[in-house]
Amino acid sequence: MEIIVCPTPEEVGRRAADSVLAALPDDRDPVLGLATGSSPLGLYRELGRAVSEGRADFSSAYGFALDEYVGLPPGHPQGYHQVLLREVSETVGLPPDRLNVPDGSGRTLAELTAGARAYEERIRTVGGVDVQILGIGANGHLGFNEPGSALTSRTRVKRLAARTRTDNARFFETIEDVPTHCVTQGLGTILDARRLVLVATGSAKAHAIAAAAEGPLTASVPASILQWHADTVLVLDEDAAQLLTNRQYYDDAAEGLG
Ligand code: F6R
């Protein structure tokens, strides 16, 4: 695991964008795994800047969202399909018809489960995710894999934790408007991506980051599966990194071979 601690949130966006761009193939259509939420916004802005400076091109890329709420009406502005159209497709020029989001519109568990299986199949059809962009929940969730999620899980319906609904209430008028369920890529699905780039800023994430990076590998901290992946990059600000105990080593290692 590579851990990069940056002095400002802007630098977090830049370093995370560099880690994403470095892992994209140039001999086939790139496949990006996309997180929503506040954490990756600076990274998406930096990817947009790379496009405008001619350093990147997402016009033939595919995007796959990590998760989607269940039960929001089609076109709801806080549905992750709409969020990613606004925050990624428009910003980096990823064609809307290449943006894939789990289907949260099923009315029964069987319909939602069939949609989740089809989503896994679509990821396989395009050759798998090259870089999965991630945030982390204050409770250690990854995607919407809440504490207790199976480490080998695949895309499926999950109940949102009370903490997640409270944290996400800022995007809705009232807490009651926050959906109770979602369809999320599983931890096993996320592990299949060739590189994982997780962005975290702010002291509210410090406990989750320390537990994920330095605690035991456990379903109680779903983000601890990052330790299992051979190519994980964590890009943090000082506040999110403040509880890491092995910090000096990470800073030394980030200097590279020079
Ligand atoms: C979003 C997602 C979540 C968020 C996490 C952090 O698609 O899957 O895991 O990354 O809840 O959210 P923010 O970045 O808003 O703090």
Side-chain angles (χ1 to χ4, degrees), residues 9 12-13 16 20 32-46 63-70 72 76-89 99-104 116 119 123 129 131-149 153-172 175 178-191 193 196-209 211-212 219 221-226 232-237 239-241:
V12 169
V20 169
L32 280 179
L34 301 167
T36 50
S38 310
S39 306
L41 292 179
L43 156 58
Y44 294 142
R45 269 196 301 277
E46 288 301 323
F64 283 87
L66 267 177
D67 35 31
E68 177 59 290
Y69 291 118
V70 167
L72 289 182
H76 189 290
Q78 293 309 327
Y80 285 169
H81 195 178
Q82 293 301 315
V83 170
L84 289 172
L85 283 172
R86 289 195 302 271
E87 290 170 356
V88 179
S89 283
L99 175 65
N100 299 274
V101 180
D103 183 0
Y119 194 66
I123 296 176
V129 171
V131 187
Q132 178 64 58
I133 295 165
L134 297 161
I136 187 171
N139 66 355
H141 75 205
L142 208 58
F144 279 143
N145 295 280
E146 302 287 16
S149 293
S153 48
R154 311 300 307 185
T155 304
R156 71 215 181 289
V157 180
K158 282 296 279 187
R159 169 100 199 181
L160 294 173
R163 172 75 195 261
T164 302
R165 293 186 68 232
T166 313
D167 285 349
N168 288 5
R170 66 191 194 277
F171 298 115
F172 294 85
I175 179 91
V178 184
T180 54
H181 289 76
C182 66
V183 178
T184 180
Q185 287 191 31
L187 295 173
T189 319
I190 293 169
L191 281 176
L196 307 180
V197 176
L198 183 138
V199 178
T201 56
S203 53
K205 300 296 174 68
H207 278 286
I209 285 294
V221 182
S224 63
I225 56 122
L226 296 171
T232 293
V233 185
L234 299 193
V235 190
L236 313 171
D237 71 355
D239 288 341

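Numbering of ligands and ligand atoms starts at 1, following listing order. Everything numeric here is computed off the predicted structure, so don't read it as measured data.
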Polar pairs, ligand 1 vs protein, N/O only, below 3.5 Å.
unit_1, atom_1, unit_2, atom_2, d
ligand 1, 7 (O), Thr36, N, 3.0
ligand 1, 7 (O), Thr36, OG1, 2.7
ligand 1, 7 (O), Asp67, OD1, 2.7
ligand 1, 7 (O), Asp67, OD2, 3.4
ligand 1, 8 (O), Asp67, OD2, 2.5
ligand 1, 8 (O), Gly143, O, 3.4
ligand 1, 9 (O), His141, NE2, 3.3
ligand 1, 9 (O), Gly143, N, 3.4
ligand 1, 9 (O), Gly143, O, 2.7
ligand 1, 11 (O), His141, NE2, 2.7
ligand 1, 14 (O), Ser38, N, 3.2
ligand 1, 14 (O), Ser39, N, 2.8
ligand 1, 14 (O), Ser39, OG, 2.5
ligand 1, 15 (O), Ser38, N, 2.8
ligand 1, 15 (O), Arg170, NH2, 2.9
ligand 1, 16 (O), Lys205, NZ, 2.6

Any residue meeting salt bridge (charged side-chain N to carboxylate O under 4.0 Å, His left out) with [X], in chain and number order, not counting sequence neighbours:
| X | value |
| --- | --- |
| Glu68 | none |
| Arg154 | Glu120, Asp192 |
| Arg163 | Asp167 |

> If only atom types and distance count, is the side chain of Asp67 paired as donor or acceptor with the main-chain N or O of Val183 below 3.5 Å?
Replying inline: no

> With a 6.0 Å cut-off on ring centres, are Tyr69 and Phe172 close enough?
Replying inline: yes

> With a cut-off of 6.0 Å (strictly less than), are more than 12 heavy atoms of other residues, nucleotides or ligands near NE2 of His76?
Replying inline: yes

